[in-house]
Structure formats: C-alpha cells, structure tokens
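Start at 1 and go down the list; that is how both ligands and their atoms are numbered. In this chain, numbering begins with 1 at the start of the sequence shown.
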Amino acid sequence: MQIVDHFGRKINYLRLSVTDRCNLRCDYCMPEKGVTKLQHRDVLTYEQLCTLAEQSVALGIEKIRITGGEPLVRKGIIPFLETLAKIPGLKQLVLTTNGVLLKQMAGALKQAGVQRLNISLDSLKPDIFKKITRRGDLSKVLDGISAAEAVGFPIKLNMVVMRGINDDEIFDFAKLTLDKPVAVRFIEYMPVIKSRDWQKLVVPGDQVLNQLAQRFPFAPIVKGEACGPAREYKIKGAAGSVGVITPLSGHFCGDCNRIRITCEGMMRTCLFSDHEVDLKPVLTTGHDSDVQDLMRSVIKSKPACHGMTETTSSHNPFTMAQIGG
Ligand code: SAM
Ligand code: SF4
C-alpha cells in the first residue's frame with residue numbers, strides 16, 4: 001500500500017507524540033512560564049495510539065518516530081513500543097529523546113525493538129546546557145548517550161544552533177564524529193513560540209558548513225532515497241558524519257514525506273500549518289476503516305509548503321512539545 005498526496009509526495013513517515021509532558025523546559029520549545037498540561041483524559045490511551053499506528057501502516061506509513069514532550073517520561077512506554085515493533089509492515093520504529101532517562105532505559109528500548117534513537121543535545125557545557133533547558137543536568141544526558149552506545153544503538157545527536165548561545169560549540173560537536181561513528185545534525189532554530197527578535201537566533205545551515213570548512217576538510221555523503229531532510233557530510237578520516245537540517249533557509253517541503261499526530265489525537269500534515277484535524281471522535285466511536293478514511297482525506301489536504309524563511313513566519317505560535325517536533 002502506498003499513499004501519495006495532491007502534490008505527488010509519497011507519505012510514509014509518521015511522527016507520533018505520546019505525551020506533552022517533559023522533564024526539561026527548553027527555552028526554544030516552551031514559553032518561559034511553562035504551559036498548561038493536558039488532562040490525562042485528553043491524552044490518547046496506548047490502545048488508541050496503537051490503533052493509529054496500525055491504521056497508518058495500513059495506509060502506507062513505513063516509519064514511525066515516537067516523540068513528545070519527552071516520550072520516556074510516560075509510564076508504560078516500553079510495553080507500548082514492544083507492541084508497535086510487532087506491527088506487520090512497519091519497517092522502522094525510532095524514537096526522539098532528550099536523553100535524561102536513557103541511562104536507565106536504553107537496554108529496555110533496545111529489547112522492545114526500537115531501531116534508532118535521535119538524542120537532542122544543544123550544548124556540551126554544563127552551564128549552557130542548564131540555561132537552554134532551564135533545569136537540565138548535562139551529565140545525565142552524557143551517561144544516557146554512553147548507555148545507548150553500550151547496548152548497540154547507533155548514536156545520532158541533534159543540536160539546535162542558536163546564535164550567541166551555542167554557535168561557538170559547532171566545532172566541538174563536529175569533533176565528536178572524528179573517532180566514533182556518531183552522526184551530528186545541526187538544526188536551524190525554528191520560531192515556533194515566536195520569541196521577540198527570533199531572527200537573531202537563526203544560524204543558516206550554510207553558515208554552519210562554512211564555519212566547519214575553515215577547520216575541517218569534508219565531503220558530501222551520497223544518500224539513498226528516503227534518507228530524511230539532512231544534507232550530510234563526512235569530515236576527512238572521520239568515523240561519523242555531520243549534517244545540516246535547514247527548515248528555514250533551504251526548506252525541503254517538496255520532498256516532505258511526513259505527517260504528525262499529537263498525543264491528543266490532532267493530525268497535522270505540516271508543522272507550520274495551523275490546520276489540524278481531530279482524530280479522537282472517530283477513534284472513539286468509529287471503526288478502524290473510518291480512522292483510515294479520515295487520515296487518508298487529511299493527507300490529501302497536505303499543503304505544498306510552509307512558506308517560512310529566516311526572517312518571516314505566519315503561523316500562530318505553538319509549543320513544540322505539544323506537537324512533537
Ligand atoms: N523531548 C524530546 C527531545 O527533546 O528530543 C522529543 C520532543 S522535542 C519537541 C523534538 C525535537 O524538536 C528536539 O530535537 C528539539 O530540539 C526540537 N525542537 C524543539 N523546538 C525547536 C525549535 N524551536 N527549533 C528547532 N528545533 C526544535
Ligand atoms: Fe522537552 Fe524536548 Fe521540548 Fe526540550 S525540546 S522542552 S526536551 S520536549
């Protein structure tokens with residue numbers, strides 16, 4: 001089964017959020033005063049999330065990324081992942097985490113059938129890490145990364161680059177790829193909550209690459225189909241890779257293959273479109289085929305492009321933790 005939207009894009013990737021809760025409060029993800037937490041009754045049950053995953057796979061989804069909030073803070077996440085991993089036809093089950101709980105959970109995640117982890121890490125300096133996350137302890141994340149490595153997960157680190165905050169650490173992150181097969185992705189800051197003067201924080205991906213080129217010789221990696229939006233490179237002689245993800249300066253909407261479902265059951269076909277469709281009513285009262293029919297029609301309405309640049313955006317502000325990144 002395959003599903004293609006109105007613009008001929010094959011949709012095969014679902015980002016499924018399992019919670020809006022988080023054990024960090026990253027400055028770029030949540031507003032200063034925090035956000036109102038969803039009531040338990042408003043969050044989809046694991047059974048409902050499984051139905052959505054199964055119906056998505058029946059429609060043509062091949063890869064599911066579990067996200068949040070912080071997915072590892074939801075109780076019962078491991079048995080849920082075990083169930084997802086057994087869905088026939090699902091080719092990739094992957095998860096994005098801030099790494100805080102990985103030390104305790106890496107082994108169980110591996111055993112449950114999670115194939116890959118993306119770990120978000122924006123600074124290697126304890127004080128800057130604490131400032132960005134408003135409460136985080138860097139050593140816990142570093143221990144978590146070691147635990148994930150030890151159980152055999154390939155390590156991918158996502159760093160949101162912010163001018164004047166952590167852009168002086170680009171070399172340090174790149175150096176992590178020299179001796180170990182670590183993948184580092186530098187991501188452009190996106191103005192989701194639209195803090196004042198957000199434009200000043202954006203470091204376009206090309207500037208990151210120019211900086212790297214001053215210190216390291218590197219060459220592009222030729223990628224296969226469906227390898228995601230990163231432009232990837234290998235520093236000469238390095239074991240790992242570096243890459244840039246440029247949602248603003250070089251948007252990849254033409255190749256976008258993804259849909260998102262929030263933990264409340266709201267389906268979004270574009271992170272920056274305010275259009276959402278509530279799947280909960282049909283999940284509660286309908287048959288599986290109704291869920292599938294509704295999802296199919298929402299996919300058909302996926303917009304061509306988000307229309308955002310390094311200096312302009314027109315969406316209503318939102319909290320990334322509510323949608324899942
Ligand atoms: N809590 C998990 C984590 O941090 O990895 C998963 C959810 S988090 C919302 C998913 C991703 O969104 C993280 O990699 C985070 O860095 C990214 N993100 C959140 N706000 C962002 C922003 N304003 N610009 C760019 N990336 C952002
Ligand atoms: Fe939590 Fe992830 Fe948002 Fe940071 S980016 S506040 S870790 S959900």
Side-chain angles (χ1 to χ4, degrees), residues 15-35 37-38 64-74 77 94-102 105 109 114 116-123 129-138 140-141 144-145 148 155-163 165-167 173 183-195 197-205 208 228-230 243-249 251-252 258 260-263 268 271-272 306 308 310 313 315 317-325:
R15 294 182 69 101
L16 184 60
S17 171
V18 295
T19 182
D20 64 321
R21 311 232 163 171
C22 188
N23 42 7
L24 299 181
R25 291 284 181 278
C26 301
D27 187 46
Y28 51 66
C29 176
M30 295 190 184
E32 173 81 53
K33 295 249 158 55
V35 278
K37 288 180 191 147
L38 292 174
I64 297 182
R65 176 173 301 284
I66 299 302
T67 177
E70 172 50 40
L72 300 188
V73 301
R74 183 159 174 182
I77 188 77
V94 297
L95 181 138
T96 295
T97 174
N98 60 30
V100 172
L101 294 172
L102 263 186
M105 297 180 76
L109 288 167
V114 173
R116 281 181 287 115
L117 299 175
N118 280 5
I119 304 168
S120 307
L121 178 62
D122 301 323
S123 178
F129 181 80
K130 181 155 265 157
K131 193 167 163 219
I132 295 173
T133 59
R134 296 204 189 100
R135 59 177 61 177
D137 176 353
L138 176 65
K140 285 197 177 148
V141 180
I145 293 171
I155 301 298
K156 188 185 272 189
L157 302 179
N158 285 339
M159 179 212 193
V160 178
V161 185
M162 292 167 280
R163 192 180 307 285
I165 294 179
N166 62 355
D167 57 337
F173 271 86
V184 171
R185 300 287 173 266
F186 299 103
I187 302 176
E188 284 175 353
Y189 168 88
M190 292 182 276
V192 292
I193 53 179
K194 291 201 179 176
S195 51
D197 294 338
W198 63 263
Q199 290 89 344
K200 289 188 184 151
L201 291 174
V202 179
V203 182
V208 172
V244 289
I245 302 185
T246 55
L248 303 190
S249 69
H251 64 74
F252 29 80
R258 59 189 67 184
R260 295 176 164 82
I261 302 178
T262 71
C263 61
R268 274 200 181 208
L271 183 57
F272 288 97
H306 62 50
M308 211 174 35
E310 295 118 287
S313 73
H315 64 280
F318 59 86
T319 302
M320 196 75 118
Q322 286 169 337
I323 298 182

Heavy-atom donor-acceptor pair, [X] side chain to [Y] backbone, under 3.5 Å:
| X | Y | answer |
| --- | --- | --- |
| Arg25 | Gly136 | no |
| Ser17 | Thr19 | yes |
| Glu70 | Asn98 | yes |
| Asp20 | Lys37 | no |
| Arg163 | Val202 | yes |

Considering non-hydrogen atoms of the protein only, which is the closest contact for [atom], and what is the distance?
| atom | result |
| --- | --- |
| atom 13 (C) of ligand 1 | Ser120 OG, 3.2 Å |
| atom 4 (Fe) of ligand 2 | Cys26 SG, 2.4 Å |
| atom 12 (O) of ligand 1 | Gly325 CA, 3.9 Å |
| atom 26 (N) of ligand 1 | Val160 CG2, 3.5 Å |
| atom 10 (C) of ligand 1 | Gly324 O, 3.8 Å |
| atom 9 (C) of ligand 1 | Met320 CG, 3.6 Å |
| atom 7 (S) of ligand 2 | Asn98 ND2, 3.3 Å |

Using a strict 4.0 Å cut-off to heavy atoms of [X], name the atoms of ligand 1 that fall inside it.
| X | answer |
| --- | --- |
| Val192 | 23 (N) |
| Glu188 | 25 (C) |
| Thr67 | 6 (C), 7 (C) |
| Gly68 | 7 (C), 9 (C) |

For ligand 1, is there an N or O atom under 3.5 Å from any N or O atom of [X]?
| X | result |
| --- | --- |
| Tyr28 | yes |
| Tyr189 | no |
| Met190 | yes |
| Thr97 | yes |

CG-CD1 distance between Leu109 and Ile77, expressed to the nearest 0.5 angstrom: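 Leu109 CG to Ile77 CD1: 8.0 Å, rounded to 0.5 Å.
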Distance (rounded to the nearest 0.5 Å) between Asp167 CG and Tyr189 OH: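 It is 14.0 Å, given to the nearest 0.5 Å.
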Any N, O or S atom of Cys22 closer than 2.8 Å to atom 4 (Fe) of ligand 2: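 Looking at Cys22, which is the residue asked about, there is no N, O or S atom under 2.8 Å from atom 4 (Fe) of ligand 2.
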Lys/Arg-Asp/Glu bridge criterion (N-O < 4.0 Å) met for Arg134, Asp27: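 Salt bridge present between Arg134 and Asp27.
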Student check: side-chain heavy atoms of Thr133 and Val100 closer than 4.5 Å: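 The answer is no, as the side chains (C-beta and beyond) never meet within the 4.5 Å cut-off.
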Heavy-atom side-chain contact between Ser120 and Thr96 under 4.5 Å: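 With C-beta onward as the side chain, the pair touches.
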Cys29 near atom 1 (Fe) of ligand 2 via N/O/S, less than 2.8 Å: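 No, outside the cut-off.
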Residue pair Leu117, Leu102: steps toward the side-chain contact (heavy atoms from CB on, under 4.5 Å) verdict: CA-CA 10 Å; Leu117 299 175; Leu102 263 186; 3.9 Å; yes
Val160 versus Asp122, closest heavy-atom pair with distance: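 Shortest heavy-atom separation between Val160 and Asp122 comes out as N-OD1, 2.9 Å.
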Ligand-residue contact atoms, ligand 2 with Gly69, heavy atoms, under 4.0 Å: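 The list of qualifying atoms is 8 (S).
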Contact with ligand 1 for Gly69, non-hydrogen, under 4.0 angstrom: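 Under 4.0 Å: yes for Gly69.
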